[in-house]
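Notes to accompany the following structure.
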There are 2 protein chains.
Amino acid sequence: MGIFSKTCEYAMRAVFFIAHKTAGGGRVGIKEVALGIDSPEHFLAKILQDLSRRGVIQSAKGPNGGFYVDEVILNMPLASIVEAVDGSDIFTGCGLGLEYCSEENPCPIHHEFKAIRNQIQDLLKTTKIGGFNKELNMGIAVLKKQKNLPQ
Amino acid sequence: MGIFSKTCEYAMRAVFFIAHKTAGGGRVGIKEVALGIDSPEHFLAKILQDLSRRGVIQSAKGPNGGFYVDEVILNMPLASIVEAVDGSDIFTGCGLGLEYCSEENPCPIHHEFKAIRNQIQDLLKTTKIGGFNKELNMGIAVLKKQKNLPQ
DNA sequence: CTAATAAAAGATGAAAAGCTCTTTTATTTA
DNA sequence: TAAATAAAAGAGCTTTTCATCTTTTATTAG
Ligand code: FES
Ligand code: FES
């Protein structure tokens, strides 16, 4: 696993995809999202249901239904997704797994780790959910493995 | 979970502890290590056996036996432990979980994430296993939760 | 109002991570 | 050589994560 759980990785990719597809109106179905980010459909459905309940995306049932986002969500930070899925440990937790990270009783790598943690926090708080629509449209950024490309 | 797996967190704390206790010679038993870093003894034993097999620590059976490290190990980077336990995904993996991280087909957060990944790599490669013995001796750095300290 | 659509919810299961307990093997010291 | 010591190895359990399949509910177009 990487820095984020697999669930959280799917969540971020999916929300980027939905933002990209519906920023100008409309909805996108679960099948299309799963295909677009290369994730297991039924598993992703669970994740999106949860994000929808928490207000990180929006959804509508029935014909022409699907997932979508509004202006407010487009301006929310990536951190909203990560916190909803993985919790806030990544912003506050100790790099060596001590029960709590503290300035008074720091673990050996506390200072260096804190800098990294802050940089992660910065990335997640300043990156807006809708911030990559242009890159995604232009194909400069991708949300799944591109074919015919070694390494 | 944090950036590293729980197993990896235990491993790093344990190796720091062993380095601290045996840098001047001698061995330290599994019970003392488990107590010293506040980890489950039998689970930690498995982790240390594995690290020993991989040459990240040394061990001796019988009376006066236990775990220890030599000069060579004291100068090895923290990265050796992390790689042995969690693999090298943390050095190369994509922040959004794409199959591979690539400059040609980057995910939306590729550039910012790469900077973070490099900083983690830098921390793990420049931090020596024996680099904190002084701090640990002086009590300036700790390897388990300190008692009677709120937050 | 009905049929079609699409998300929501429920039930279940596989795999990995985390953890415990018991037995065996190697070493030392007396 | 016998007893004590301590890691190594083996077997197995619990929880969490990741994933699939089926049924239900809400919505909409006709
Ligand atoms: S105490 Fe470990 S990172 Fe702060
Ligand atoms: S492609 Fe995602 S971090 Fe490089």
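A note on names: the letters A, B, ... follow the listed sequences, proteins ahead of strands, and every chain is numbered from 1.
Residues of residues 86-98 of chain A having a heavy atom closer than 4.0 Å to DNA chain D: none are found. Shown for residues 48-57 of chain A: residues whose heavy atoms fall under 4.0 angstrom of DNA chain C, namely Gln49(A), Ser52(A), Arg53(A).
Taking atom CD1 of residue Ile47(B) and atom P of nucleotide dA9(D), one finds them 15 Å apart after rounding to whole Å. Gln58(A) places its CD atom 19 Å from the P atom of dA6(C), with the value rounded to the nearest Å. If you measure from atom CD of Glu32(B) to atom P of dA7(D), you get 10 Å, rounded to the nearest angstrom. Protein atom CD1 of Ile30(B) is 14 Å distant from nucleotide atom P of dC19(C), rounded to whole Å. Between Tyr68(B) atom OH and dA6(D) atom P there is a gap of 15 Å when expressed in whole angstrom units. Distance, Phe43(B) CZ to dT15(D) P: 15 Å, rounded to whole Å. Atoms CD (Glu41(A)) and P (dC18(D)) sit 19 Å apart, rounded to a whole Å.
Contact annotation: Thr7(A) does not reach the phosphate of dT17(D) (side-chain N/O to OP1 or OP2, under 4.0 Å). In terms of phosphate contacts, Tyr10(B) brings a side-chain nitrogen or oxygen within less than 4.0 Å of OP1 or OP2 of dC19(C). For dC19(C), one of the phosphate oxygens OP1 or OP2 lies less than 4.0 angstrom from a side-chain nitrogen or oxygen of Lys6(B).
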Worksheet item: Could you go step by step and tell me if Leu96(A) and Ile37(B) meet the side-chain contact (heavy atoms from CB on, under 4.5 Å) rule?
Response: CA-CA 10 Å; Leu96(A) 294 190; Ile37(B) 69 165; over 6 Å; no
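Counting non-hydrogen atoms under 4.0 angstrom, Val33(A) reaches nothing in the nucleic acid. As judged by a 4.0 angstrom heavy-atom cut-off over every strand, Lys31(A) is placed among residues making no nucleic acid contact.
The stretch residues 67-91 of chain A participates, sequence neighbours left out, in no ring pair (Phe, Tyr, Trp, His ring centres under 6.0 Å) pair at all. Residue pairs satisfying the side-chain hydrogen bond (donor to acceptor under 3.5 Å, both in side chains) criterion with at least one member in residues 78-95 of chain B, sequence neighbours excluded, are listed as follows: Ser5(B)-Asp86(B). Residue pairs that meet the ring pair (Phe, Tyr, Trp, His ring centres under 6.0 Å) test with at least one member in residues 11-31 of chain A, sequence neighbours left out, are Phe16(A)-Phe132(A).
Cluster note: Met138(A) groups with Ile140(A) through ILVMFWY side-chain heavy atoms spaced under 4.5 Å, whether in direct contact or through intervening members. When hydrophobic residues (I, L, V, M, F, W, Y) are linked wherever their side-chain heavy atoms come within less than 4.5 Å, Val72(B) remains an isolated member. The other members of the hydrophobic cluster of Val142(A), by chain and number, are Leu98(B) (side-chain heavy atoms under 4.5 Å, ILVMFWY only).
Legend: residues meeting salt bridge (Lys or Arg N to Asp or Glu O under 4.0 Å) with Glu71(A), ordered by chain and number and at least two apart, are absent. Residues that satisfy the salt bridge (Lys or Arg N to Asp or Glu O under 4.0 Å) test with Lys31(A), not counting sequence neighbours, are Glu41(A). Residues passing the side-chain contact (heavy atoms from CB on, under 4.5 Å) test with Val69(B) are Ile18(B), Ala19(B), Thr22(B), Ile57(B), Ile73(B), Leu74(B), sequence neighbours excluded.
Under a 4.0 Å N-O distance rule, the pair Arg54(B)/Asp50(B) qualifies as a salt bridge.
The aromatic rings of Phe43(A) and Tyr10(A) stand perpendicular to each other, their planes meeting at an angle above 60°, with 30° marking the opposite boundary.
With the nearest nucleotide of DNA chain D identified for both Lys46(B) and Val28(B), Val28(B) has the one nearer the 5' end. Residue whose closest nucleotide on DNA chain C sits further toward the 5' end, between Ser59(A) and Leu44(B): Ser59(A).
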Worksheet item: Could you run down nucleotides 22-30 of chain C 5' to 3' and tag each one B, S or - for protein heavy-atom contact under 4.0 Å?
Response: B--BBBBS-
